[in-house]
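Please read the structure below before turning to the comments.
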Amino acid sequence: MSQTRHSITIDRPVEEVFTLLTNCELTGTWFPAEMDQRWTSPLPHGLGSTRHAVVKMFGRRTENDAVVTGWDPNRRAVLEGVATNPPFEITMDFTATDGGTRVDVTNNIHFSGPMRFLGAAFLKLYGRSWDRGLANAKAMMEAGDP
């Protein structure tokens, strides 16, 4: 298993930050990859909800499905990939701070086959994308968007 960790503090209330970062249909507004993510389960979204993503990143198009395996509103959300290309788990922890929200993101990716050898390079680029994405979310939210 390979892992990346990312943290940022956004000067917005925890409820707003949680809503933006856990709504898969808004991910494309802040994450720096060309993507189309859609919920594949009905409202309300939370524990057990499913989503489908089509992502173009690093010149490659991939699709994956995931299920929400952890859901504690305004505190934690966990998304687990259900495909084998490669399996992943993203955990987002939200902590209210004075006037803002600290976000801690952990990505666990389970590389196998040839990807075990390419995983480190992929992880470095993917980690940078998360850093840029969280910085984008911070800039958007602190400017009053969305």
Side-chain angles (χ1 to χ4, degrees), residues 1-113 115 118-119 122-123 125-146:
M1 174 179 61
S2 298
Q3 186 176 84
T4 67
R5 292 179 184 257
H6 314 275
S7 295
I8 198 162
T9 299
I10 299 174
D11 294 332
R12 300 297 299 165
V14 69
E15 299 83 7
E16 293 177 18
V17 177
F18 185 88
T19 297
L20 175 68
L21 297 184
T22 61
N23 183 343
C24 74
E25 294 180 356
L26 296 176
T27 304
T29 65
W30 57 269
F31 196 82
E34 186 179 324
M35 67 176 57
D36 179 28
Q37 292 192 74
R38 298 283 176 232
W39 292 108
T40 54
S41 57
L43 291 169
H45 296 126
L47 189 63
S49 291
T50 55
R51 69 102 174 107
H52 180 75
V54 178
V55 182
K56 185 173 182 187
M57 188 178 220
F58 314 127
R60 186 172 172 217
R61 182 185 181 275
T62 62
E63 294 188 40
N64 67 72
D65 294 299
V67 62
V68 176
T69 59
W71 189 261
D72 187 1
N74 305 323
R75 291 190 181 92
R76 174 176 267 208
V78 182
L79 186 68
E80 188 172 329
V82 295
T84 58
N85 58 341
F88 64 89
E89 181 181 87
I90 300 169
T91 301
M92 292 186 274
D93 289 302
F94 301 83
T95 306
T97 63
D98 277 345
T101 303
R102 178 181 167 92
V103 181
D104 295 294
V105 178
T106 304
N107 292 287
N108 291 308
I109 303 175
H110 306 277
F111 294 113
S112 62
M115 277 304 292
L118 302 172
F122 172 83
L123 212 58
L125 293 170
Y126 184 63
R128 286 185 191 154
S129 293
W130 267 97
D131 289 336
R132 282 195 320 266
L134 290 173
N136 290 343
K138 176 181 176 72
M140 285 171 49
M141 294 199 81
E142 291 180 0
D145 297 331

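Model, not experiment: these values are computed from the prediction. Any value given below was found using the heavy atoms of this structure, including those in side chains, with hydrogens, waters and symmetry copies removed.
- A donor-acceptor pair under 3.5 Å is absent between the side-chain atoms of Ser49 and the main chain of Ser41, judged by distance alone.
- Among residues two or more places apart in sequence or in another chain, the side chain to side chain donor-acceptor pair (under 3.5 Å) test is passed with Thr106 by none.
- A donor-acceptor pair is defined here as one N or O able to donate and one able to accept, closer than 3.5 Å; such a pair exists between the side chain of Glu142 and the backbone of Asp11.
- Side-chain contact check for Leu134 versus Ile10: every heavy-atom pair is 4.5 Å or farther apart.
- Contact detail for Gly70 and Leu47: the closest heavy-atom pair is N-CD1, 3.7 Å.
- In this structure His6 satisfies the side chain to side chain donor-acceptor pair (under 3.5 Å) test together with Thr4, Asp131, sequence neighbours excluded.
- For Glu63, the salt bridge (Lys or Arg N to Asp or Glu O under 4.0 Å) partners at least two apart in sequence or on another chain are Arg61.
- The side chain to side chain contact (heavy atoms under 4.5 Å, CB included) search around Asn136 returns Trp30, Pro32, not counting sequence neighbours.
- In this structure, Met140 CE and Leu26 CG are separated by 7.5 Å, a value rounded to the nearest 0.5 Å.
- Not counting sequence neighbours, the partners of Arg12 by the salt bridge (Lys or Arg N to Asp or Glu O under 4.0 Å) test are Glu16.
- Around CZ of Arg38, the count of heavy atoms belonging to other residues, nucleotides or ligands within 6.0 Å exceeds 12.
- Taking CG of Asn108 as the start and CD of Gln3 as the end, the distance is 4.5 Å to the nearest 0.5 Å.
- When side chains are defined from C-beta on, Trp130 counts as touching Ile90, because their heavy atoms get closer than 4.5 Å.
- The shortest distance between side-chain heavy atoms of Arg51 and Asn64 falls below 4.5 Å.
- Across Leu20 and Ala137, no two heavy atoms sit closer than the pair CD2-CB, 4.1 Å.
- Met35 approaches Gly28 most closely through the heavy-atom pair CG-CA, 3.9 Å.
- For Asn74, the side chain to side chain donor-acceptor pair (under 3.5 Å) criterion is met by no residue, not counting sequence neighbours.
- Val68 has its side chain out of reach of His45: every pair of non-hydrogen atoms, C-beta onward, lies at least 4.5 Å apart.
- A pairwise comparison of heavy atoms in Gly48 and Val67 identifies O-CG2, 3.7 Å as the closest pair.
- Applying the salt bridge (Lys or Arg N to Asp or Glu O under 4.0 Å) definition to pairs two or more places apart or across chains, those involving residues 66-75 are Asp72-Arg75.
- Annotation: the span from Met92 atom CE to Leu21 atom CG amounts to 6.0 Å, rounded to 0.5 Å.
- To the nearest 0.5 Å, atom OG1 of residue Thr50 and atom CH2 of residue Trp39 are 8.0 Å apart.
- With sequence neighbours excluded, the residues satisfying side chain to side chain donor-acceptor pair (under 3.5 Å) with Thr27 are Gln37.
- In this structure, the separation between CD1 on Ile109 and CD on Glu89 is 11.5 Å, given to the nearest 0.5 Å.
- Checked against salt bridge (Lys or Arg N to Asp or Glu O under 4.0 Å), Arg132 has no partners two or more places apart in sequence or in another chain.
- The shortest heavy-atom contact between Thr22 and Ala77 is CG2-CB, 3.7 Å.
- The stretch residues 91-101 participates, sequence neighbours left out, in these side-chain hydrogen bond (donor to acceptor under 3.5 Å, both in side chains) pairs: Arg76-Asp93.
- The salt bridge (Lys or Arg N to Asp or Glu O under 4.0 Å) check on Glu15 picks up nothing, with sequence neighbours excluded.
- Legend: residues meeting ring pair (Phe, Tyr, Trp, His ring centres under 6.0 Å) with Phe18, ordered by chain and number and at least two apart, are Trp71, Phe94.
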